[in-house]
Amino acid sequence: KLLIKRLQIALSNSRCDGLIFESQSMAELATRGRGAPASMVDVVQLGVDIDKFKPAASDYVYANVGVPRERRVVLFTGHCSPRKGIGTLVDAAIELLQARGRKDLAFLICGNRGDESREYEAKYQQLDIAPYIRFLGYRNDVLPIMQSAFCGVLPSTGWDSFTMSSVEMAATGLPIVASRLQGLEEAVVHEKTGLLFEPGNAKALADSIERLADDPALARRYGDNGRARCETELSTAVQQRRFVAALRRHF
């Protein structure tokens, strides 16, 4: 099938001159799954404004979101579609707060619309832990929430690429726990800028979050490494240079 796809592209009278993807995983999908010639493909990873998204000592979530000060915030930002793994995150939160009795964590989930959170809230709304798992919807204060969080989580269970959330979290100095999936494996460097876990495994996600919670020095090191990586590899300035280089290669 792949040979046929390559032949179709080679014989086509209408095709693009180049393809630019934000992750190597997406590029491989084009070459190995769609038959695009490797010579046509470039990878330009997403960049973040490192002057805007940066670490800051902040109590924003305590002063403005109502999180108790004795609880560190585990944060998700992104769309709440099923493939984003919100169910896995909620199950991990219940495991940590209820089954393991953690009194030092709270979970904030940003990005839900309408009644998207209803099925997840039903899992814990009758439990005492309900105040510590909160859906906040789409917001214009995500940056200060990030800056006052403890760690970021990207628990996707379906296809995911090099997400904007991952670079924004890293730039603000958050260690990240992410599913071992496609572009997320490129966005989060395991045991350097965060931890990777098997997609859909809520207990493995809980273990990873707990590991960071129990070792603040490790969490800080991962966060510092993520910030340094953004400064050297994942800034908007670097992204722009790579994008221009990719265009010049084809024109």
Side-chain angles (χ1 to χ4, degrees), residues 22-23 26 46 48-49 52-53 58 60-68 71-99 102 105-172 174 176-184 187-188 197-206 208-209:
E22 65 188 30
S23 69
M26 293 182 73
L46 294 180
V48 62
D49 183 346
K52 176 182 178 182
F53 288 87
S58 173
Y60 188 87
V61 292
Y62 307 114
N64 296 278
V65 186
V67 176
R71 292 183 179 261
R72 290 170 287 179
V73 167
V74 180
L75 177 65
F76 168 88
T77 65
H79 303 300
C80 285
S81 57
R83 72 177 179 85
K84 288 295 185 177
I86 304 304
T88 302
L89 175 55
V90 169
D91 288 344
I94 295 171
E95 168 71 19
L96 287 165
L97 299 175
Q98 185 76 10
R102 302 287 309 208
L105 297 174
F107 293 77
L108 299 182
I109 301 167
C110 300
N112 55 296
R113 287 193 177 104
D115 62 354
E116 286 179 330
S117 64
R118 185 178 301 170
E119 66 174 292
Y120 307 116
E121 290 170 327
K123 295 183 175 185
Y124 60 83
Q125 61 186 0
Q126 301 301 321
L127 303 175
D128 292 340
I129 63 172
Y132 312 119
I133 308 174
R134 294 176 55 190
F135 285 82
L136 302 182
Y138 277 86
R139 305 176 66 92
N140 58 12
D141 59 349
V142 171
L143 175 56
I145 290 175
M146 282 186 185
Q147 290 172 325
S148 52
F150 166 68
C151 74
V153 179
L154 299 169
S156 299
T157 53
W159 168 267
D160 220 335
S161 188
F162 204 106
T163 66
M164 199 67 228
S165 296
S166 67
V167 289
E168 289 175 348
M169 288 176 176
T172 57
L174 293 183
I176 302 172
V177 181
S179 300
R180 194 182 295 277
L181 279 174
Q182 296 100 21
L184 293 181
V188 178
F197 72 99
E198 291 308 307
N201 189 330
K203 287 194 175 182
L205 172 55
S208 295
I209 294 171

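All values below come from the heavy atoms of this structure, side chains included, with hydrogens, waters and symmetry mates left out. Note that this is a predicted model, so its numbers are computed, not measured.
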Within the distance-only criterion (no hydrogens, no angle test), does the side chain of Ser148 pair as donor or acceptor with the backbone N or O of Val61 below 3.5 angstrom? yes

Point-to-point distance, once rounded to the nearest 0.5 Å, from CD of Gln98 to OH of Tyr132: 11.5 Å

So which atom in Ser58 and which in Pro144 form the shortest heavy-atom distance, rounded to 0.1 Å? OG-O, 4.1 Å

Before you tell me yes or no, could you show the steps for Val90 and Phe107 under side chain to side chain contact (heavy atoms under 4.5 Å, CB included), namely the whole-Å CA-CA distance, both residues' side-chain angles and the distance that decides it to 0.1 Å? CA-CA 9 Å; Val90 169; Phe107 293 77; over 6 Å; no

Which heavy atom of Leu136 sits nearest a heavy atom of Cys110, and at what distance? CD1-SG, 3.9 Å

So, for Val67 and Ala106, which heavy atoms are closest and what is the spacing to 0.1 Å? CG1-CB, 4.0 Å

Just jot down the salt bridge (Lys or Arg N to Asp or Glu O under 4.0 Å) partners of Glu22, sequence neighbours excluded, or say none. none

Minimum heavy-atom separation for Leu46 to Thr163, with atom names? CD1-C, 3.8 Å

Is it the case that more than 12 heavy atoms not belonging to Lys203 sit under 6.0 Å from its NZ atom? no

Quick one: CG on Leu89 to OG on Ser156, what's the gap to the nearest 0.5 Å? 10.5 Å

Do the non-hydrogen side-chain atoms of Leu184 and Ile176 ever get within less than 4.5 Å of each other? no

Can you tell me how the ring of Phe135 sits relative to the ring of Tyr120, calling it parallel under 30°, perpendicular over 60° and tilted otherwise? parallel

Is a side-chain donor-acceptor pair under 3.5 Å present for Ser161 with Ser23? yes

Measure the shortest side-chain to side-chain distance between Leu97 and Arg71 over non-hydrogen atoms and say whether it is less than 4.5 angstrom. yes

Going from SG on Cys151 to CG on Leu105, what distance comes out if it is rounded to the nearest 0.5 angstrom? 8.0 Å

List the steps and the verdict of side chain to side chain contact (heavy atoms under 4.5 Å, CB included) for Tyr60 and Ile145. CA-CA 6 Å; Tyr60 188 87; Ile145 290 175; 4.0 Å; yes

Working to the nearest 0.5 angstrom, can you tell me the gap between Leu75 CG and Thr172 OG1? 8.5 Å

Pair Met169, Phe76 - check side chain to side chain contact (heavy atoms under 4.5 Å, CB included), show working. CA-CA 10 Å; Met169 288 176 176; Phe76 168 88; 5.6 Å; no

Enter the distance from Leu181:CG to Thr157:OG1 here, rounded to the nearest 0.5 Å. 7.5 Å

Of the non-hydrogen atoms in Ala149 and Leu174, which two are nearest, and what is the gap between them? O-CD2, 3.4 Å

Qualifying salt bridge (charged side-chain N to carboxylate O under 4.0 Å, His left out) pairs with a residue from residues 139-168, counting only residues at least two apart or across chains: Arg83-Asp160, Lys84-Asp160, Arg139-Asp141

Which pair of heavy atoms, one from Ile209 and one from Val74, lies closest together, and at what distance? CG2-CG2, 3.9 Å

Walk me through it: do Val65 and Arg134 pass the test side chain to side chain contact (heavy atoms under 4.5 Å, CB included)? CA-CA 10 Å; Val65 186; Arg134 294 176 55 190; 3.8 Å; yes

Interatomic spacing from OG in Ser117 to CD1 in Ile109 - rounded to 0.5 Å: 8.5 Å

Check: Phe197 and Ser179 side chains under 4.5 Å, non-hydrogen atoms: yes

Using modelled atom types only, decide if a donor and an acceptor are shared between the side chain of Asp49 and the backbone of Lys52 within a distance under 3.5 Å. yes

